[in-house]
Every structure is written in structure tokens, then in C-alpha cells.
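Note sheet for the following structure.
Note that the numbering runs from 1 along the sequence shown for the chain. Each ligand, and each atom within it, is numbered from 1 in the order the structure gives.
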Amino acid sequence: MSLFNFEAEAGAAESLAAPQNADPQDVLHRVFGFPSFRGHQQAVIEHVISGGDGLVLMPTGGGKSLCYQVPALCRPGLAVVISPLIALMQDQVAALRQLGVKAAALNSTIGFEESRGLRHDVLRGELDLLYIAPERLLLESTLDLLRQAKLSLFAIDEAHCVSQWGHDFRPEYRRLTVLRERFPGVPRLALTATADGPTRRDILEQLELQDGRLFVSGFDRPNIRYRVTPKSEPRKQLWDFLEREHKGESGIVYCLSRRKVEEVAEWLSGKGRPALPYHAGLDASVRAANQARFIAEEGLVMVATIAFGMGIDKPDVRFVAHLDLPKSLEAYYQETGRAGRDGLPSNAFMLYGMADVAKMTRMLDESQAPDAVKRLERRKLESLLGYCETTRCRRQVLLDYFGDDCGSCGNCDTCLEPVESYDGSEHARMLLSAIYRTGQRFGAAYLVDVLLGKTNERIERLGHDHLAVYGVGREVGGAHWRSIVRQLAALGLIRVDVEGHGGLFLGPDVRPVLRGERPILLRRDPERRRAATRAPANLTETVLASDADRALFESLRTLRRELASTQGVPPYIVFNDRTLIEMAKRKPASRTDMAEIPGVGQSKLERYGEAFLKAIAQAAESP
Ligand code: ADP
């Protein structure tokens, strides 16, 4: 089964690449339609063209693909791209063919005839790029075929799959050293968005790339706005977020359990917001169909467990919302990283509450893992909770965690609405004493009532209205006390008895706090958010100033959808949103103007230039 209809592309135009020694800048402009390289792209490309090996670490959306696609079109011969995911391969091949590049994929979805045709093309030197799954590459027959071909380079995509430390370990990747043995002299470029030290060392070692050059980019994703909000009414909070900021846009909502995924997807659909579920318990065919729809359509919400996301290259995912806590900050960064690959403004939105902390702590306590692993997991949980409760710039906390840094970003909730922090040692002591004096068995609601000096039958019956802590916390509001409970739990000072009735008990390190030896800094959540000026309802409202430009964008989008559907490709493969937005802003009136729009290369100008020029001219005539 093929995701896209490649037959429509059969007999694609002659390759746009010059036979050899083409200039990278010229290829970038002519084929891809981009005016300039980004970040390390140019350095990587020059290194590979001159025959060097290397490892490229670049964040998602940073532009890794160009690092091997441009050299593939500049060096003579066939570039072989090793990629673990068939859907990704097909996406890339479809995109390259639209650019007039001769690209193909060799994987298990390809039939005998097609595979034979491909072999011929390889032997006759008629392909620029060939994407192969690692297991297919390692077959003796494939290696033999490649031996007979002239090769320009090997690109090893998602190179972290080689590492057992990573989250996507693929044993076949370990055997890729065969490339060095069998094809000495062919440059090898490994690429990944996974940055941590052990994985990086593993990649270099396992792929025998120690002599190659390392290109490390900063891991910041400046176009993503991070926001973490205390969970009060999760569905309403999600709904408000979607309605206010993401009308008609695509995004992912992550939930912890399969049941919740299904419930939320059904609820959103019921309210008229197209949504699909995705989790490992669904039939494989349903999963594949839902994923294909998410990629192909605009404005669909995918409600999913963490089973969803690997290899989703969709550039216009405008938001990632977490209704439950992710597993760790690594997981959070990876999941939120699926938003805004096109570099346009996007949101990472997370709701988090006391129950999440309790659930995560319980999972950790029940884990059968050895103590050393548990200690590591506890540290990871503390980092995650620390991120949720921070008063610092969230981006700084995230980048710090990955060994990177930045100034205050101005694009996260704590920068946009600074949170006050204060010496909360006294409040911490009040709460810890209340827990201790009441016997370490009551839940947050009861304890807050005691601190606020409320009267109810239970408090009176148990005589807790006679305790010294009774009513000592009246100066603080109930919502703030609940926030303090969460913050102390995040610090590990309070634990939750999840087996029983959610009673709170003291963590192992409370003594210095009770004795006043360890000061506790707490955040004061704003009681009421500042009345916000109405935020733009979606991306087009953010980036396009006038109603007329937005209307033009919509008509270009409709045209794009029609052109995409006749070819069986996702709309973004025709042109991405960035390109359409530029068209709506600049309103090109001639082919020359059109060729100046980023993302309009020679092939796309030939294919679509006239149609889009006509749509723009029509809009100008009938404002
Ligand atoms: P990655 O694989 O690192 O996640 P991609 O290679 O998919 O990133 O690139 C992300 C987006 O950025 C794509 O839409 C791509 O076309 C665009 N892009 C990459 N390099 C450039 C560039 N030099 N100029 C403009 N856009 C670029």
C-alpha cells in the first residue's frame, strides 16, 4: 500500500540537477526556490560535496534534509538515504518529485515489477536520490546493486536509531558500518534531532564516524510558544484554547490513556471540531488510515497517546496540547517539537494538576526497575515537575536541561505574564505541619479547609479545629493553597498515597524545611489572568494584516487543495503555508515576481505558476 500515488508522478521531468559540480547556491535557488541557506546548512553541504563524513545535530524543522539533498544534486552519482520510516520516505520522495528531482524509495511496499524498474534506473544512473529502509539496504542483493552503481553519498537519517540510549533503537542501524567497509570513499552523513551526550557518542562510535566533522546547532525552537496552565476544567480549557487560537488548524492533543484518547476525540467531533483518535490499541489499518488523513487534510485534530508522532513530517501542525503530563522533559520536547516545523508561530500548551503528579509518582514507585534506574527516573520526574512550576522563562529551563542556553525568550507564558515568586518557607511549614498533625492521611481539600479554619462536621468530629495549625492559613486563598500543595509535591516534600484515598504524607526530606534551615521559594499564580486583548484566532490572523489578504490566502489554499488532491499528495507538498502566505502578502503579478517567492523553484513555477498567478489576479479584480 502506498500512501501517495506515485504513478501520477511516473516519468517525472528530467532531473533539474546539473550532471556534476553544480553550484550549491544555484541548486538551492533553482530547485528549492529558497534565497539562502540556514544555520549550518552551507558548511555541511560544502563539507559533504568535498567528500567529508559528518554528523549533523539540528532541531526538528531546522532543515536537515537539504544538508544531503543539495550535495546529492551537486555531486555526480546516486545519493542513498537510509531512513527508518516508510511514511517519511514516501513523503520526501513525493516532495522531491514535485521539485523535479529524480527520487525513489525502495522498501517493503514496493512490488516486484516496480523494484525491477528501480534496479534498472539505478544501474543506468538515472536517479539522483534513493531512499532505502535499513533492513532492505543490508540485503546482499541491495549491497550488490549499489556496488555496481556510481554513488555520490550516504545519508543516514534519524541516526539516533543506532543508539540503545535513544528512544527508537533499531538493531539494523548497528550494521550500517558495512557502508564504510564496502564503499570506502563515499561520504557518509548521519543526521538527527536527538541531542544528548550518550546518544551522540554512540552514533559516532557505532557508525564509525569518529573522523567525521560534527555540526551541532542550538536546539531552540523559537517559533514555539510554551505554556503550562494549572488544570481546572480540562475540557473547557482545551476547547477555549482551540477556539481562541487555532480555529480550523491542525494539531495534536496528547493524553495518557487509550480510553481518554477515544473519549476526547469523540467529544471534540461531537462539538463540530474534526478529530481522530490514535493509540496502540487500535487496529493497524485504522491507525494507518487516521494517520494518512491527518497528514493529507487541513484542520484535523489528532487525539493520541505517545504511540503517535514518530516520523510525522507534517509542517503545518500548529499546536501540540498535553492534557496529561508527558513522561519526561525529553519526551515533552520531542512531542511539542512536532509543532511548527515550517517555522511559523505555533503553540505548546500543557495542563497539569495534582492528580498528574500523584499518578507519575505512583508509576515510579511501582516500577520494577533496578534502584539506579529508579533514581534516574525520579530525577527526570523532578525536572519535569520543576519545569511545570518554574517562575523562570520556560525556554531557559528547557534549554538548560539539554545543555543549551538562551536569554529570556519573550515567547512563553512566564515571559509574557511574569509570575511572582516569594519566600514561601512559612507557608510550606504550615502545610507540612497540617499534614503531620492530622496523621498524614488526608487529601488536599481537607487539609486546605483546616488551614483556612473552615468548619465542617468531619473537622469537628476529629477535633482538628483544636489543632495549632487550624485557621493559620486564612490570609492565603484556597486556589493558592492548592497551588502550594502541587509545588511541594513537585519538590518531593509531599507524597500522595494513591493506593489509599489520595492522602498526603511527608516526603523524606522535610526536616530542614520544618526547622527553617531550607528556604522554599514558591510561585504565586495570578489569581485572575489579565484580561487579554483578543488573541488572533489562528495563524493567518497573526501573520496577514488585512481581511483582503486573508481572503486571498483562503482562495490560494483552495486552489492548492484541488491541485494536491488530483495528484494524491498532501497540500503542503504542492506549496507549504509559508509560500502561500508570501504570495498573499506580495501578490506577484508576473512569472518573474512569482519566481522570487521562497519555495517557488523552477519546477513548481512550471507546474503551478500560471494557476496561482491567475488566482491572485482574479482576487485583485474582484476585491
Ligand atoms: P528537519 O528534517 O530538520 O526537521 P526539514 O528538512 O524538513 O527539517 O526542513 C524544515 C522546513 O524548512 C521545510 O519546510 C524546508 O523546506 C524548510 N527549509 C529548509 N531549509 C531552508 C532554507 N534554507 N530556506 C528556507 N526554507 C528552508
*Which protein residues have a heavy atom under 4.0 Å from ligand 1?*
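Answer by chain and number: Phe34, Ser36, Phe37, Arg38, Gln41, Pro59, Thr60, Gly61, Gly62, Gly63, Lys64, Ser65, Leu66, Arg341, Asn576.
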*asked:* Tell me every residue that passes ring pair (Phe, Tyr, Trp, His ring centres under 6.0 Å) with His279, counting only those two or more places apart in sequence or in another chain.
replied: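 Listed in chain order: nothing, the list is empty.
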*Indicate whether any N or O donor in one side chain lies under 3.5 Å from an N or O acceptor in the other, for Tyr131 and Arg136.*
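No, no side-chain donor-acceptor pair sits under 3.5 Å.
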_Pair Arg318-Ser346, side-chain donor/acceptor within less than 3.5 Å_ =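 Yes, because at least one side-chain N or O of Arg318 sits under 3.5 Å from a partner of the opposite role on Ser346.
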*Please say which of Arg225, Arg227, Glu249 ends up in a side chain to side chain donor-acceptor pair (under 3.5 Å) with Asn347.*
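Looking at Arg225, Arg227, Glu249, the match for Asn347 under the side chain to side chain donor-acceptor pair (under 3.5 Å) is Arg227.
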*Does NZ or CZ of Lys314 fall inside the cone over Tyr572's six-membered ring, less than 6.0 Å from its centre and within 45° of the axis?*
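Cation-pi check for Lys314 and Tyr572: fails.
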*May I ask you to establish whether Arg394 and Tyr387 are in a cation-pi arrangement, using a distance under 6.0 Å from NZ or CZ to the six-membered ring centre and at most 45° from the ring axis?*
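Satisfied, under 6.0 Å and within 45°.
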